[in-house]
Amino acid sequence: LELKPILDSNEKIYDITVNSSGAWSVTKDASWVTLSSSGSNKGGNFTISIDNNLSSTKRTAQIVVKNEDLTKDNKVTLRIEQKGFVFDASCYYDIKFDALPSGKSYKINYESSADLKITKPSWLKCDDNGDGVIIVTAEDNINNAPRSGSIELSNSYTSDTKSFNVSQKEYEFSHSGSDSYSLESKSNSDIYIDITSTGSWSASSDASWLRVSPKRGKGNGTITVFAEENTEKQSRSSTVSIICKDNSDMKYQIVFNQKA
């Protein structure tokens, strides 16, 4: 009789029927086996109860049912083998996500004799496919700070745990140069501003005399700002806004002041 290490209520009790015309006895050689009876004066039944095996080592036991009629040397031996408890997990790679993972996933392979419990940060998703594999994915990180956490696997019977560290890059969004520029009334040169960005962005001016090109982009890029000649007798100013498309709270406003 080969048994699993963890047995539910339906599996841990086995009914044995003894057909005997005389007295019989039953004995066992392991403490993790419980018998409901030690024997009877005639045929009957007894049950075998098995404790869960929380050790990683396989174990065996023998139950001997013996005919107590001295004129007959007759006995039946039932050998019980119970598997050791298994709890293990592994991932072949360090779990590291870009700010925008774009469908990237990792696999955690596991084996557990008991029901698995998964603890994780809210920005991670762990799908157990029921085949000993957990698929790990991450939400987009649209903040300009990296984040990290861990996935912890445990089970309902032992204190064993398996932990996997997870990290995700920050969303990059910055620009080169100054936050303000002073221009002569006759501005004859373009101003170039480099943009470093993980994702998409837009650039715009709030005045017609200050032109920006291109008005949108994705990833790293450069915008050109050109100011028309100021023919008025008073100075003027305009703002160029560079806004992250994935997170509108991430933006830069660059002020251009032009002399009269």
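These numbers were taken from a predicted model, which means no experiment stands behind them.
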Smallest heavy-atom separation, E228 atom then R236 atom, equals O-NH2, 3.2 Å
Given 3.5 Å as the limit, does a donor-acceptor pair link the side chain of S36 with the main chain of T47, or not? yes
Can you confirm whether more than 12 heavy atoms, excluding those of K28, are under 6.0 Å from its NZ atom? yes
Measure the shortest side-chain to side-chain distance between N53 and R59 over non-hydrogen atoms and say whether it is less than 4.5 angstrom. yes
Note, S56 side chain near F85 side chain (heavy atom, < 4.5 Å): no
All side chain to side chain contact (heavy atoms under 4.5 Å, CB included) counterparts of K125, not counting sequence neighbours: D127, T137
Does the side chain of N165 reach to within under 4.5 Å of the side chain of I95, using non-hydrogen atoms? no
Who passes side chain to side chain contact (heavy atoms under 4.5 Å, CB included) against D160, sequence neighbours left out? F87, N155, T158
Using the salt bridge (charged side-chain N to carboxylate O under 4.0 Å, His left out) rule, take E170 and R147 through it: C-alpha gap first, then chi angles, then the decisive distance, then the call. CA-CA 7 Å; E170 73 276 13; R147 57 188 179 185; over 6 Å; no
D128 side chain to G130 main-chain N or O, any donor-acceptor pair under 3.5 Å? yes
Testing the basics here: between A89 and I108, what is the closest heavy-atom pair and its distance to 0.1 Å? CB-CG2, 4.3 Å
Who passes side-chain hydrogen bond (donor to acceptor under 3.5 Å, both in side chains) against N247, sequence neighbours left out? none
Would a distance-only check, ignoring hydrogens and angles, find a side-chain to backbone donor-acceptor pair under 3.5 Å from N230 to K259? yes
Mind running side-chain contact (heavy atoms from CB on, under 4.5 Å) on V166 and L124 for me, showing each step along the way? CA-CA 9 Å; V166 184; L124 288 176; 3.9 Å; yes
Which heavy atom of N141 sits nearest a heavy atom of P146, and at what distance? ND2-CA, 4.2 Å
Are there over 12 heavy-atom neighbours, none belonging to E111, within less than 6.0 Å of that residue's CD? no
Is there a side-chain contact between I63 and V33 in this structure, where contact means two heavy atoms from C-beta onward sitting under 4.5 Å apart? yes
Between W24 and K42, is the side-chain contact (heavy atoms from CB on, under 4.5 Å) condition met? List the steps. CA-CA 7 Å; W24 57 274; K42 58 181 180 178; 5.8 Å; no
Can you confirm whether N129 is buried at CG, in the sense that more than 12 heavy atoms of other residues, nucleotides or ligands lie under 6.0 Å from that atom? yes
Rounding to 0.5 Å, atoms CD (E152) and OG (S163) come to a distance of 4.0 Å
Mind jotting down which residue pairs meet the ring pair (Phe, Tyr, Trp, His ring centres under 6.0 Å) criterion with at least one end in residues 96-118? Sequence neighbours excluded, please. F97-Y106
For S185 and Q258 the tightest heavy-atom approach is O-NE2, 3.3 Å
Just grab all the ring pair (Phe, Tyr, Trp, His ring centres under 6.0 Å) pairs involving residues 227-260, residues at least two apart or on different chains. F173-Y252, H175-Y252, Y181-F256
Find the distance between CG (D51) and OG (S31) and round it off to the nearest 0.5 Å. 7.5 Å
Show your reasoning for whether side-chain contact (heavy atoms from CB on, under 4.5 Å) applies to I151 and I134. CA-CA 11 Å; I151 299 170; I134 298 170; over 6 Å; no
Please write out which residues are connected to V64 in a hydrophobic cluster, directly or through intermediates, given that two of Ile, Leu, Val, Met, Phe, Trp, Tyr count as joined at side-chain heavy-atom separations below 4.5 angstrom. none
Establish, for the pair R216 and W201, whether the NZ or CZ atom is under 6.0 angstrom from the six-membered ring centre and no further than 45 degrees off its axis. no
State whether the number of non-hydrogen atoms from other residues, nucleotides or ligands found under 6.0 Å of K245 atom NZ is greater than 12. no
Run the side-chain hydrogen bond (donor to acceptor under 3.5 Å, both in side chains) test against K107 and tell me which residues pass, sequence neighbours left out. none
Within this structure, what is the CG-CZ distance for the pair D29 and R79, rounded to the nearest 0.5 Å? 10.5 Å
Of all heavy-atom pairs linking A138 and P101, the shortest is O-CG, 3.5 Å
dist K186:NZ -> E229:CD (nearest 0.5 Å) comes out at 5.0 Å
Return the CD1 to NZ distance between I118 and K162, rounded to the nearest 0.5 Å. 15.0 Å
D246: side-chain hydrogen bond (donor to acceptor under 3.5 Å, both in side chains) partners, not counting sequence neighbours: Y171
With no hydrogens and no angle check, just 3.5 Å: does a side-chain donor-acceptor pair link S49 and T34? no
Could you tell me whether D98 and K104 make a salt bridge, using a distance below 4.0 angstrom between a side-chain N and a carboxylate O? no
Show me, pair by pair, the donor-acceptor contacts under 3.5 angstrom made by side chains of residues 217-226, not counting sequence neighbours?
from	atom 1	to	atom 2	distance (Å)
N220	OD1	S197	N	3.0
T222	OG1	D194	OD1	2.7

All heavy atoms of V212 vs all of S205, minimum pair found to be CG2-CB, 3.9 Å
Answer yes if the side chains of D206 and S238 hold a donor-acceptor pair under 3.5 Å, and no otherwise. yes
Members besides V255 in its Ile/Leu/Val/Met/Phe/Trp/Tyr cluster (side-chain heavy atoms under 4.5 Å): none
Hey, could you give me the CG/OG distance between L100 and S200, rounded to the nearest 0.5 Å? 9.0 Å
Do Q82 and W32 have side chains that get closer than 4.5 Å, going by heavy atoms? yes
side-chain contact (heavy atoms from CB on, under 4.5 Å) evaluation trace for F46 with D15: CA-CA 6 Å; F46 70 94; D15 292 311; over 6 Å; no
Is the backbone of E172 close enough, under 3.5 Å, to the side chain of T198 for a donor and an acceptor to pair up by distance? yes
Looking at residues at least two apart in the chain, or sitting in another chain, which of them share a side-chain hydrogen bond (donor to acceptor under 3.5 Å, both in side chains) with D140? none
Measuring only between side-chain heavy atoms, which start at C-beta, is T161 closer than 4.5 Å to L153? no
With ring pair (Phe, Tyr, Trp, His ring centres under 6.0 Å) as the rule and sequence neighbours excluded, what pairs involving residues 232-251 come up? none
Between T17 and N45, is any side-chain donor less than 3.5 angstrom from a side-chain acceptor? yes
Note, I16 side chain near I48 side chain (heavy atom, < 4.5 Å): yes
What I'd like to find out is whether the side chain of I193 reaches to under 4.5 Å of the side chain of I254, using heavy atoms alone. yes
Is there a path of hydrophobic side-chain contacts, each under 4.5 Å between heavy atoms of I/L/V/M/F/W/Y residues, joining V240 to I243? no
